[in-house]
There are 2 protein chains.
Amino acid sequence: MPKSTVCSRRKPSAKREAILDAAGEVFLEQGYAAASMDNVAARAGVSKATIYAHFTSKDDLFRAMVRRRCEQGEVFAPPSRPADARATLTALGRRLMDLLLSPEGLAMYRVVMAESARQPDLARAFYESGPAAGKEQIAAIIADLARRGEMAVADPWVAADLFVGMLRTDLFMRALLGLPQPEGRSLDGHVATAVETLMRAHTPPEKEDRP
Amino acid sequence: MPKSTVCSRRKPSAKREAILDAAGEVFLEQGYAAASMDNVAARAGVSKATIYAHFTSKDDLFRAMVRRRCEQGEVFAPPSRPADARATLTALGRRLMDLLLSPEGLAMYRVVMAESARQPDLARAFYESGPAAGKEQIAAIIADLARRGEMAVADPWVAADLFVGMLRTDLFMRALLGLPQPEGRSLDGHVATAVETLMRAHTPPEKEDRP
DNA sequence: GTCTATAAAGCGATAGAC
DNA sequence: GTCTATCGCTTTATAGAC
């Protein structure tokens, strides 16, 4: 995968980067409509006219900001050395929860969903480089576990979907709504429950050993 | 449960209702910030001043609209006569999917999430009267199945969480983002997969019979 | 209660100097 | 490229007649 010096169709002008950073903060905090170009300019430390020298409109700036934040490589690395299904899924689940519950990630979900009606292509780009890419990587790891006989999986994509779904429960919904998390349950316990349920439904016959 | 003539702290003035209906359409379509009072007035067939005679501000109108749409009774009725776990869960899952994927429901999620930072109490009210109330009803039904020996459930709330999570997967995420649903998979198949996975993890020992 | 007309402020976007 | 200053429009909210 290309990582740097490739696809730099624009030289990384310092001001341009500052504007994009500021736009990220303002749009993600306030939403597209409530955010103002004056606000972005102030937070970037430039004048409003400078923004319009780099971007043709508020819309253009918003799209550039979202697209830049979508450019991220592999977020779910396969385990460095082969491990059993429970350990692999637990690490994976924990990583997913951290991503889902990060403030920037949550804000991104909110703002893109809010604008999805007016920016269908942007919503698609976000989905494909975010949730879809992540699920694809998880499905690949599950497929590998199945290949090694650690799990009995008919369709790795369905299994990945179930796994992500069991992790992205009320906890995620509450986070998206900005509500405080209930104190009782820990993230690790939450992940363990999902892993256990998935394993019970996908344990290969020769490994059957109920606790 | 009280249904009508109760809690009518305001007489249902016709214009007031028209304004609230119009506000629902406009806010849910365009989002809070992008919606204008002129637009609401036009769609309600009244003048802008009339709106301000009933509501003190745009914010007040928005809150009244959300709160009114949150007043809904029981959405997941228990089965009329006792049925086995698979049938009960399948009906329940199908009902949940219909609710989650309805255009009004989706728009409500989007607009409340987008405004959650500025309206924390509104987000909480929506959550409690929507997702939380639904999950509570589902947990009660699962608890009843467990009591009758149809399922082996340690914690009905955890089971309900898992069940809802497995249903509210990518399908729901894509719907929130306004993306078209993939053609291949049917809603019924999706529900069946979730029911099957939940059952495998919660089948009581004396009923063990794998297909 | 409901209207028309308007005030006051903020918005996206641009002109023109440097 | 970057700035200051400003245009033209839309917005929320209100005054005053009926």
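Here the structure is a predicted model, which means the values were calculated and not measured. Side chains included, hydrogens not; waters and symmetry mates left out as well; all remaining heavy atoms used. Within every chain, numbering begins at 1; the chains are lettered A, B, ... in the order of the sequence lines, protein sequences first and strands thereafter.
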| task | Hey, could you give me the OH/CE distance between B/Y127 and A/M173, rounded to the nearest 0.5 Å? | result |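 Atom-to-atom, B/Y127:OH and A/M173:CE are 9.5 Å apart.
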Can you tell me how far [atom2] of [N] sits from [atom1] of [X], to the nearest Å?
X: B/K58; N: D/dT11; atom1: NZ; atom2: C1'; value: 8 Å
X: A/I51; N: D/dT2; atom1: CD1; atom2: P; value: 11 Å
X: B/D60; N: D/dT12; atom1: CG; atom2: P; value: 14 Å
X: A/Q30; N: C/dG10; atom1: CD; atom2: P; value: 14 Å
X: B/M37; N: C/dA8; atom1: CE; atom2: P; value: 20 Å
X: A/N39; N: C/dC11; atom1: CG; atom2: P; value: 8 Å
X: B/H54; N: C/dC3; atom1: NE2; atom2: C1'; value: 12 Å
X: A/F27; N: C/dG12; atom1: CZ; atom2: P; value: 8 Å

| message | Under 4.0 Å, heavy atoms only, any strand: does B/A14 hit a base, just the sugar-phosphate, or nothing? | response |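 It contacts nothing in the nucleic acid.
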| said: Considering every strand and a 4.0 Å limit on heavy-atom distances, what is the contact class for A/A35: base, sugar-phosphate, or nothing? | reply: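 Counting heavy atoms under 4.0 Å across all strands, the contact made by A/A35 is with sugar-phosphate only.
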| field | Side-chain donor/acceptor of B/R148 to backbone N/O of B/A83, under 3.5 Å | value |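 Yes; judged by distance alone, with no hydrogens or angles, the pair exists.
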| query | What do you reckon, are the aromatic ring centroids of B/F55 and B/F62 less than 6.0 Å apart? | reply |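 For B/F55 and B/F62, the ring centres are not under 6.0 Å apart.
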Side chain of [X] - closest among [options]:
X: B/K48; options: D/dA15, D/dC3, D/dT12; value: D/dT12
X: B/A49; options: D/dT11, D/dT2, C/dC3; value: C/dC3
X: B/T50; options: C/dG12, C/dC3, C/dA15; value: C/dC3

| message | At less than 3.5 Å, do the side-chain atoms of A/K15 and the base atoms of D/dG1 form a donor-acceptor pair? | response |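 Answer is no: no donor-acceptor pair is held.
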| said: Does D/dT2 have OP1 or OP2 under 4.0 Å away from a side-chain N or O of A/S47? | reply: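 Result: no.
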| Closer than 4.0 Å, any side-chain N/O of B/Y52 to the OP1 or OP2 of D/dT14? |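 Checking D/dT14 against B/Y52, no side-chain N or O comes under 4.0 Å of OP1 or OP2.
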| request: Would you check if B/D59 and B/Q119 make a side-chain contact, meaning some heavy-atom pair closer than 4.5 Å? | output: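 Touching, per the 4.5 Å side-chain cut-off.
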| Which residue, B/G45 or A/A34, contacts DNA chain C at a nucleotide closer to its 5' end, judged by nearest heavy atom? |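 This one resolves to B/G45.
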| request: Please confirm whether A/K135 makes a cation-pi placement over A/F163, using NZ or CZ under 6.0 Å from the six-membered ring centre and within 45° of the ring normal. | output: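 Geometry flag: not set, cation outside 6.0 Å or 45°.
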